Amino acid sequence: MTKTMQSKLTFIMGPPRSGTTAITRLLMSHRDVLLADAPMLGTALPDAPTYYESGIFVRDVPDEEILARFKLLDGNAPFIVEKTPSHIEQIERIRRLFPEALLIVTHREPVGCLRSWKVANRTFINSSQAFHQACKTWRSATRIAIENLRKPDVLPIDFAEFMTNPSVAGRIIFDRIGLSTDQLDHCLGAMNGAETERLKEVVGETVRGGNTRLNLAEKLQIAFFCRQTEVEWIAEYESMEGLAN
């Protein structure tokens, strides 16, 4: 049930607030990239704002229809990028339908990630999800990331490394996808600029978590739900870096 695509596909996924939007903004600014968002893939919800993600794999869309919708975009640009954080739960389905695709899997340590989620939930997400549920979402996504770290179609991107040195991380991403790096500086500027900002507050305070503090109960929930998984991530990620060196 797979189709060979003329355009090269990249899917961006990971825990919410782990850098998926920043990477999307970086890539969508490249002249050779088409962003497959909700309007492009026919998954936009009525009266809902359009961000960057399509959510096509978590909607009630059968495999044949997903393939058909991506085929309509095929050839419109050399590279097609799709971003939906929760698609990490659908990683095997994506891999089955698009076996030649690159999967960018993001990671962020839980305290920073959940502080950012707390700000974003207050400003624009408006989710009914409780804090402990957000912790479970982070844990589930991170466990899937750990299981897939060594897969050849996966490019893991650590949030802290990306934000500390975006030019180095950006070059790694461009090289892995096959994008020309002559536009890297332009794309890095656009990543933080207003031209690619579809919703105010997506970048800035909500990325870093601003001055938001976690209360004791929230800290205890992170320790209970996330600590062991973060230890496992660090061990696996550092072992991969050791092999690369």
Side-chain angles (χ1 to χ4, degrees), residues 2-15 17-37 40 52-54 70 73-85 87-88 91-92 94-95 97-109 141-142 144-193 195-196 203 207 233-234 236-245:
T2 63
K3 286 186 179 180
T4 301
M5 300 280 289
Q6 178 183 344
S7 302
K8 293 184 178 180
L9 281 176
T10 297
F11 293 94
I12 304 170
M13 61 193 75
R17 316 307 301 161
S18 64
T20 57
T21 295
I23 295 171
T24 300
R25 286 163 60 96
L26 173 75
L27 295 176
M28 66 186 283
S29 304
H30 197 286
R31 62 172 175 261
D32 292 333
V33 170
L34 173 69
L35 177 64
D37 57 7
M40 284 282 188
Y52 303 92
E53 58 266 20
S54 75
F70 272 96
L73 302 181
D74 191 22
N76 289 332
F79 302 89
I80 296 175
V81 170
E82 191 281 334
K83 171 259 189 184
T84 303
H87 280 173
I88 194 165
I91 192 168
E92 292 303 330
I94 294 171
R95 186 175 275 135
L97 293 180
F98 302 102
E100 297 179 0
L102 174 66
L103 311 176
I104 295 180
V105 175
T106 59
H107 170 265
R108 186 178 187 181
E109 53 82 21
T142 303
I144 295 171
I146 293 169
E147 293 169 359
N148 285 272
L149 268 180
R150 297 178 184 269
K151 299 290 179 66
D153 58 354
V154 168
L155 174 62
I157 297 296
D158 182 80
F159 177 88
E161 294 177 358
F162 181 82
M163 299 303 289
T164 299
N165 201 335
S167 60
V168 171
R171 185 170 294 276
I172 290 171
I173 294 170
F174 275 35
D175 286 345
R176 182 64 186 275
I177 292 175
L179 287 170
S180 169
T181 57
D182 63 353
Q183 280 203 306
L184 180 57
D185 289 342
H186 161 74
C187 293
L188 287 168
M191 180 180 73
N192 295 311
E195 63 191 73
T196 55
V203 296
V207 172
W233 164 273
I234 292 171
E236 185 71 5
Y237 188 70
E238 289 183 348
S239 70
M240 286 185 59
E241 289 186 324
L243 289 174
N245 294 331

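These numbers come from a predicted model, not from an experiment. Numbering of residues begins at 1 and proceeds along the displayed sequence.
No side-chain donor-acceptor contact under 3.5 Å links Thr21 to the backbone of Arg17. Judged by distance alone, the side chain of Thr84 and the main-chain N or O of Ser54 form a donor-acceptor pair under 3.5 Å. With Asn148 contributing its side chain and Lys151 its backbone, the two residues share no donor-acceptor pair below 3.5 Å. Here the side chain of Thr164 pairs a donor or acceptor atom with the backbone of Ala160 at under 3.5 angstrom. Side-chain atoms of His87 never come within 3.5 Å of backbone atoms of Gly14 as a donor-acceptor pair (strictly under, hydrogens ignored). Under the 3.5 Å distance criterion, the side-chain polar atoms of Asp74 are left unmatched by any main-chain donor or acceptor of Met5.
Across Gly75 and Ser7, no two heavy atoms sit closer than the pair N-OG, 2.8 Å. Scanning all heavy atoms of the two residues, the minimum distance from Asp32 to Pro78 falls at O-CD, 3.3 Å. Of all non-hydrogen atoms in Leu179 and Phe79, the two that sit nearest each other are CD2-CD1, 3.4 Å. In terms of heavy-atom proximity, Ser180 sits nearest to His30 at O-NE2, 2.9 Å.
Residues satisfying the side chain to side chain donor-acceptor pair (under 3.5 Å) criterion with Thr10, sequence neighbours excluded, are absent altogether. Taking the side chain to side chain contact (heavy atoms under 4.5 Å, CB included) definition, one finds that Asn76 meets it with Leu34, Leu73, sequence neighbours left out.
Remark: Arg25 CZ to Leu35 CG distance equals 11.5 Å, nearest 0.5 Å. Taken from CG in Asp175 to CG in Leu184, the straight-line distance is 9.0 Å, to the nearest 0.5 Å. How far CG of Asn192 is from CG of Leu26: 9.5 Å, rounded to the nearest 0.5 Å. In this structure, the separation between SG on Cys187 and CE on Met28 is 10.5 Å, given to the nearest 0.5 Å. Rounding to the nearest 0.5 angstrom, the gap separating the OG atom in Ser18 from the NE2 atom in His107 is 8.5 Å. The distance from atom CH2 of Trp233 to atom CZ of Arg108, rounded to the nearest 0.5 Å, is 14.0 Å.
Checking each of Ile94, Thr20, Ile144 against Met13 for a side chain to side chain contact (heavy atoms under 4.5 Å, CB included) leaves exactly one that passes, namely Ile94.
Using a 4.5 Å cut-off on side-chain heavy atoms (C-beta onward), Val33 and Ile80 make no contact. In this structure, Val105 and Ile88 have side chains that are in contact, with non-hydrogen atoms separated by less than 4.5 Å. Residues Arg171 and Leu188 form no side-chain contact, since every pair of their non-hydrogen atoms from C-beta on lies 4.5 Å or further apart. Ile12 is listed as a side-chain neighbour of Leu27, based on a closest heavy-atom distance under 4.5 Å. Within the 4.5 Å cutoff, side-chain heavy atoms of Lys83 are placed close to those of Pro85.
A salt bridge between Glu236 and Arg150 is present, with a side-chain N of the basic residue lying under 4.0 Å from a carboxylate O of the acidic one. Ion pairing between Arg176 and Asp153 fails under the 4.0 Å rule for side-chain N and carboxylate O.
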Exercise. Could you walk me through whether Glu53 and Asp37 pass side-chain contact (heavy atoms from CB on, under 4.5 Å), step by step?
Key: CA-CA 5 Å; Glu53 58 266 20; Asp37 57 7; over 6 Å; no
Exercise. Show your reasoning for whether side-chain contact (heavy atoms from CB on, under 4.5 Å) applies to Thr106 and Ile23.
Key: CA-CA 9 Å; Thr106 59; Ile23 295 171; 3.6 Å; yes
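Inspection of the Tyr52 and Glu82 side chains reveals no N or O donor paired with an N or O acceptor under 3.5 Å.
For an aromatic pair to be called close, the ring centres must be under 6.0 Å apart, and Phe70 with Phe11 satisfies this.
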